[in-house]
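Here the structure is laid out as structure tokens; the discussion comes afterwards.
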Amino acid sequence: MSELSPDQIWMQRAIALAQLGQYSTRPNPNVGCVLVKDGQQVGAGFHPKAGQPHAEVFAMREAGALAQGATAYVTLEPCAHFGRTPPCAKGLVEAGVAKVVVACPDPNPLVAGKGVQILKDAGIEVEVGVCEAEAHQLNLGFLKAMATGQPYVRLKVASSLDGRTAMASGESKWITGPEARLDVQHWRAISGVVITGIETVLADDCQLNVRQLSADIDLNTVVQPKRLVLDRQGRLPLTAKLCEQPETLMVMGPYRQELADLGVEQIEVQPLTDLISLLAQQYQIYDVLVEAGATLSTAFLQEKLVDEIISYVAPTFLGSSARAMFNAEFSVMAEQLRFKLKHVAQFGQDVRLSLIPESV
């Protein structure tokens, strides 16, 4: 294994800083910045929350006059536009940095090379692409949405060794152990919305919110995901646990005044493909987590909407009468949907497989 270059070492420090905002920055991306002068860190920061200063600003504040002539390591191309905060590219110019090393270019049309150009026009040396693959993982949804208008969709499933997700009666608590269930909270916490179907709500009376993370995370800083129920026949009971937090509940189905009275946002029924576009473009939701039964999960797969499967496998057999993970029916091998392994990890006695479409 080759040694890391100094640029890679400092950029990995910036990436670690960016991860500190992974549960709090939505809909903004996770960004970290380190300022280095004469081989020493003189400033560092990350973007903690939408509306608050960006990572570069915190780093420059810490560095003060030492920013003059320093090298800035930034995980995402510095912004070039006025939003709720001033453009960071101009801030770096004004601070007098000598060089800027960027991990990921920003496909956001408001930035897209403009930040780099501002720096270059000011005579600042710029290098792009250091640790780009690692930094890209910080913002899969944001980067995909800015480039394509579509969010990044993760499909979460939990199954037995024989591919079953519940008993024939619908009983499913619990196939996996507490460690795996805690890990699911992470995926909810990085998502803008959790999508489920009405059958799952009726069977489990689920909440689909973030209730626990690692001990060092303050839940008050976590941006709770929206919970979207696909309910085409208007069967969601007002007594469902989901309705206890109506401010983060969305329902796609026929309009119901009683839901409106609770403060629940309602979306007109539409195809899955249009729904996914709507979430990114109208609601600024860039990371979608699907936690649903076989019918809805299969629909997402067959519509080719899934970017990644998060599959928890428990060391147990539930038998042939138990409910299957998916319900697609293929007659020939050419119809199969193939995925490739991205990552594998163990949580207690359970295994988590992260899988992406083979075509990626």
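For the residue pair Glu199 and Thr295, no side-chain donor N or O sits within less than 3.5 Å of a side-chain acceptor on the partner.
Residues forming a side-chain contact (heavy atoms from CB on, under 4.5 Å) with Thr71 (at least two apart in sequence, or on another chain): Tyr73, Lys99, Val101. Under the rule for a side chain to side chain donor-acceptor pair (under 3.5 Å), the partners of Gln137 that lie at least two apart in sequence or sit in another chain are Lys342. In terms of the side-chain contact (heavy atoms from CB on, under 4.5 Å) criterion, residue partners of Gln302 (sequence neighbours excluded) are, by chain and number, Thr298, Ala328, Phe330. Partners of Asp350 according to the side chain to side chain donor-acceptor pair (under 3.5 Å) rule, which considers only residues two or more places apart in sequence or in another chain, do not exist here. Every residue was checked against the ring-ring contact (aromatic ring centres under 6.0 Å, His included) condition with Tyr312, not counting sequence neighbours, and none meets it. Applying the side chain to side chain donor-acceptor pair (under 3.5 Å) criterion to Glu77, with sequence neighbours excluded, gives no partner residue. Taking the salt bridge (Lys or Arg N to Asp or Glu O under 4.0 Å) definition, one finds that Lys144 meets it with Asp307, sequence neighbours left out. Listed by chain and number, the residues in a salt bridge (Lys or Arg N to Asp or Glu O under 4.0 Å) with Glu258 are Arg256 (sequence neighbours excluded). In this structure, Arg164 has no side chain to side chain donor-acceptor pair (under 3.5 Å) partners at least two apart in sequence or on a different chain.
Under the 4.5 Å side-chain heavy-atom criterion for grouping Ile, Leu, Val, Met, Phe, Trp and Tyr, Leu305 is connected to Val288 within one hydrophobic cluster. In terms of hydrophobic clustering, with Ile, Leu, Val, Met, Phe, Trp and Tyr side chains grouped at heavy-atom distances under 4.5 Å, Leu228 and Leu296 are assigned to a common cluster. By the rule that hydrophobic residues join a cluster once side-chain heavy atoms approach within less than 4.5 Å of another member, Val116 and Leu76 end up as members of one cluster. Tyr283 and Val251 fall into different hydrophobic clusters, where Ile, Leu, Val, Met, Phe, Trp and Tyr side chains are chained together by heavy-atom contacts under 4.5 Å.
Aromatic rings of Tyr23 and His186 (six-membered ring for Trp) have centroids within the 6.0 Å cut-off, being under it.
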Residue pair Thr248, Asn209: steps toward the side-chain hydrogen bond (donor to acceptor under 3.5 Å, both in side chains) verdict: CA-CA 9 Å; Thr248 58; Asn209 56 359; over 6 Å; no

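A salt bridge (Lys or Arg N to Asp or Glu O under 4.0 Å) check over residues 14-40, counting only residues at least two apart or in different chains, returns nothing. For residues 275-295, the pairs satisfying salt bridge (Lys or Arg N to Asp or Glu O under 4.0 Å) are Arg154-Asp287, Lys156-Glu291, Arg188-Glu291, with sequence neighbours left out.
Hydrophobic side-chain contacts under 4.5 Å tie Leu182 to no other Ile, Leu, Val, Met, Phe, Trp or Tyr residue.
Atoms SG and CD, from Cys33 and Glu62 in turn, are 10.0 Å apart once rounded to the nearest 0.5 Å. In this structure, CD1 in Ile15 is found 10.0 Å from CD in Gln8, a value given to the nearest 0.5 Å.
Heavy-atom neighbours of Gln40 CD from other residues, nucleotides or ligands within 6.0 Å: at or below the threshold of 12.
Of the possible polar contacts, none joining the Thr221 side chain to the Ser24 backbone as a donor-acceptor pair under 3.5 Å is found. A donor-acceptor pair under 3.5 Å links the side-chain atoms of Thr25 to the main chain of Asn28, judged by distance alone.
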